[in-house]
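Just follow the structure's listing: the first ligand is 1, and inside any ligand the first atom is 1.
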Amino acid sequence: MADKKNIVMSGIRPTGFLHLGNYFGAVKNYVRMQEEFECYFMVADLHSLTTHPDTKELKLNVQRVLSENIACGLDPEKVALYCQSHIYETSELYLYLNMLAYKGELEKTVTFKDKVRQHPDNVNAGLLTYPVLQTADIILHRATFVPVGKDQEQHLEMARNFANRFNHRYGEVFPEPQAFNYGSELVKVPSLDGGGKMSKSENQMATLYLSDDDELIRKKVMKAKTDAGPTEPNSVKPDYIENIFLLMKLVSSEDVVKKFEDDYNNCSIRYGDMKKQLAEDMVRFIAPVREKAEAIRNDEKYLKDVMEKGAEKARKSARATMTLVREVMGLNYFAP
Ligand code: TYM
């Protein structure tokens, strides 16, 4: 039975195939949350325009993200699975919230600073107000739980600020949204090259995609950085080794992880064997998702139905919120 008190909302940009970070940071939680809460999950196509203004591939990319979400276990009958651009109310709320967001705080956002560094020729206003649009997505459904990875923590903090600012200025409409994960803390899946998180745009060989074929998975895992191994028992692991263990904990059995932990601690670890094992466990994890997603992606009619039904559900909730918003803002000039 869905718990109507807690509403869940989250989104993923259609800027490429989903990777392990997207799965363990976000989608895995979605799949569990759909059984317990009223859920709104969307493909953030408008957000992708801030960095990818060319729309030639957009439809295909939206279809990919939808297919991969469904292949991971998301049931479009249980949740509203929709496309951000289909919900026009988002743009209206985004506009109102923009008047409550200050240039100084937006310029300090870590993701904005990263994007300025990556795309110095395209520092557009949409990029600056990216967290405002994200807030509109979330509070449009008056959501309280937002399943996301660790990299979205600051955006969620900003969403709370904007929602509270709106409530103080105009009247109590929005509950405070919070980043959510079933575990004890938000997840950050590391990349295979020892530095940073797995991401769609950075080093492709250091990112495991849910669409990678078996050989490519093996190749990427075997290339992961290692060294000659520890020389002192129970020594601290360097970051790149810690990352391999972290990845192993996501897909391998506890026994397997324990065996390699023990080997590490008594200095008998063979990283070649560890990576071979990790590669096989990754293949076992990714292959069924990839195959399912491929089949779904080829069914255009089904995907169109999913998008239409999802948009209908999301619009219903969006309309109810926007009626309240216009009311508290005093924009309902025709009311008696
Ligand atoms: P995006 O498309 O970058 O990522 C989608 C989800 O995947 C998570 N994620 C990770 N989690 C753990 N480890 C990683 N290496 C990793 N890489 C990505 C992200 O935290 C995210 O949960 N701004 C959002 C999209 C968005 C959104 C929203 C999210 C638009 N509107 C409303 C929540 C609510 C983004 O760019 O996600």
Side-chain angles (χ1 to χ4, degrees), residues 7-31 33 39-52 61-62 64-66 68-69 72 74 80 82-85 87 90-91 93-94 97 109-112 114-115 118 126-127 129-160 162-163 177-183 185-193 195-203 206-210 243 246-247 249-250 314 318:
I7 295 177
V8 176
M9 194 280 144
S10 196
I12 301 181
R13 280 170 307 147
T15 44
F17 284 104
L18 297 197
H19 53 73
L20 274 195
N22 300 133
Y23 179 77
F24 287 102
V27 183
K28 187 175 180 210
N29 290 297
Y30 300 178
V31 173
M33 292 178 106
C39 296
Y40 297 87
F41 297 125
M42 61 161 212
V43 184
D45 56 345
L46 299 177
H47 273 113
S48 74
L49 298 177
T50 60
T51 50
H52 295 63
N61 284 334
V62 167
R64 275 180 187 163
V65 175
L66 285 172
E68 287 179 321
N69 271 283
C72 289
L74 208 62
Y82 61 99
C83 200
Q84 186 182 29
S85 61
I87 316 301
T90 313
S91 308
L93 184 54
Y94 169 53
L97 293 174
T109 317
V110 173
T111 47
F112 175 69
D114 283 349
K115 293 281 153 57
Q118 288 162 10
L127 204 56
T129 56
Y130 185 113
V132 185
L133 180 56
Q134 182 160 344
T135 304
D137 296 329
I138 298 167
I139 68 177
L140 189 60
H141 302 295
R142 283 169 279 168
T144 49
F145 289 159
V146 186
V148 284
K150 182 126 184 80
D151 59 304
Q152 296 295 313
E153 211 165 25
Q154 190 183 28
H155 287 170
L156 263 294
E157 195 185 313
M158 295 174 86
R160 278 194 293 282
F162 298 144
Q178 64 188 76
F180 182 94
N181 180 60
Y182 275 105
E185 52 189 56
L186 297 179
V187 174
K188 174 184 160 187
V189 176
S191 75
L192 283 166
D193 59 7
K197 66 180 171 84
M198 241 181 225
S199 100
K200 284 177 216 151
S201 43
E202 265 143 64
N203 184 359
T207 297
L208 288 165
Y209 293 93
L210 300 181
N243 287 351
L246 271 172
L247 290 168
K249 280 181 197 146
L250 297 175

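Listed by number with element, the atoms of ligand 1 under 4.0 Å from a non-hydrogen atom of M42 are 30 (C), 31 (N). If you number the atoms of ligand 1 from 1 as listed, the ones under 4.0 Å from a heavy atom of K188 come out as 12 (C), 13 (N). Those atoms of ligand 1 that come under 4.0 Å of a heavy atom in K197, given as number and element, are 15 (N). Close approach to M198 involves these atoms of ligand 1, each under 4.0 Å from a residue heavy atom: 14 (C), 15 (N), 17 (N). The distance from ligand 1 to the heavy atoms of M9 drops below 4.0 Å at these ligand atoms: 32 (C), 34 (C).
Listed for the N69 side chain is no donor-acceptor partner under 3.5 Å among the backbone atoms of L74. The closest donor-acceptor contact from the side chain of Q154 to the backbone of V110 lies under 3.5 Å. With hydrogens and angles ignored, the 3.5 Å screen pairs a side-chain donor or acceptor of T207 with a backbone N or O of S199.
Listed here is the closest heavy atom pair of G196 and K188: C-CE, 4.2 Å. The two residues D45 and C83 have their closest heavy-atom pair at OD2-SG, 3.4 Å. Residues A318 and I87 come closest through the heavy atom pair CB-CG2, 3.8 Å. Summarising the geometry of P190 relative to L247, their closest heavy-atom pair is O-CD2, 4.0 Å, with the distance given to 0.1 Å.
Counting only heavy atoms of the protein, atom 37 (O) of ligand 1 lies nearest to Q152 NE2, 3.9 Å. Nearest protein neighbour of atom 28 (C) of ligand 1, counting heavy atoms only, is Q134 CG, 3.5 Å. For atom 12 (C) of ligand 1, the nearest protein heavy atom (residue, atom name, distance) is V187 O, 3.2 Å. Atom 30 (C) of ligand 1 has its closest protein heavy atom at H47 ND1, 3.2 Å. Of the protein's heavy atoms, R13 NH2, 2.8 Å lies nearest to atom 3 (O) of ligand 1. The closest protein non-hydrogen atom to atom 14 (C) of ligand 1 is G21 CA, 3.5 Å. The nearest protein atom to atom 13 (N) of ligand 1, hydrogens excluded, is given as V189 N, 2.8 Å; this is a heavy-atom distance. Annotation: atom 26 (C) of ligand 1 to nearest protein heavy atom, G11 O, 3.7 Å.
Of all the heavy atoms of A44, the ones lying under 4.0 Å from any atom of ligand 1 belong exclusively to the side chain. With a heavy-atom cut-off of 4.0 Å, N22 touches ligand 1 through backbone and side chain alike. Contact annotation: for D151 versus ligand 1, heavy atoms closer than 4.0 Å belong to the side chain alone. Looking at V146 against ligand 1, only its side chain comes within 4.0 Å, counting heavy atoms. Contacts of Y130 with ligand 1, taken as heavy-atom pairs under 4.0 Å, involve the side chain alone. Within the 4.0 Å heavy-atom criterion, neither part of L20 lies near ligand 1.
A donor atom on one side chain and an acceptor atom on the other are not found under 3.5 Å apart for T111 and Y130.
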Identify every side-chain donor-acceptor pair in residues 136-147 under 3.5 Å, counting partners at least two apart or on other chains, and give the distances.
from, atom 1, to, atom 2, distance (Å)
D137, OD1, Q84, NE2, 3.0
D137, OD2, Q84, NE2, 3.1
H141, ND1, S317, OG, 2.5
H141, NE2, Y82, OH, 3.0
R142, NE, T321, OG1, 3.1
R142, NH2, T321, OG1, 3.3
T144, OG1, N6, OD1, 3.1

Could you walk me through whether Q152 and Q134 pass the side chain to side chain contact (heavy atoms under 4.5 Å, CB included) test, one step at a time?
-> CA-CA 10 Å; Q152 296 295 313; Q134 182 160 344; 3.1 Å; yes
T15 vs N61, side chain to side chain contact (heavy atoms under 4.5 Å, CB included): CA-CA, chis, key distance, verdict = CA-CA 7 Å; T15 44; N61 284 334; over 6 Å; no
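Where the criterion is an N or O separation shorter than 3.5 Å, residue side chain and backbone included, D137 meets it with respect to ligand 1. Taking any N or O of V148, backbone or side chain, none lies under 3.5 Å from an N or O belonging to ligand 1. Looking at I12 next to ligand 1, no N or O pair under 3.5 Å apart turns up. The N/O atoms of I138, backbone and side chain alike, include none that comes under 3.5 Å of an N/O atom in ligand 1. The shortest N or O to N or O distance between G149 and ligand 1 is below 3.5 Å.
Atom CE in M198 sits 9.5 Å away from atom OH in Y209 (nearest 0.5 Å). With values rounded to the nearest 0.5 angstrom, L192 atom CG is found 8.5 Å from N243 atom CG.
Between K150 and E153 there is a salt bridge, with a side-chain nitrogen of the basic residue lying less than 4.0 Å from a carboxylate oxygen of the acidic one.
The shell of residues lying under 4.0 angstrom from ligand 1, judged by heavy atoms, includes S10. For H19, the heavy-atom gap to ligand 1 drops under 4.0 angstrom.
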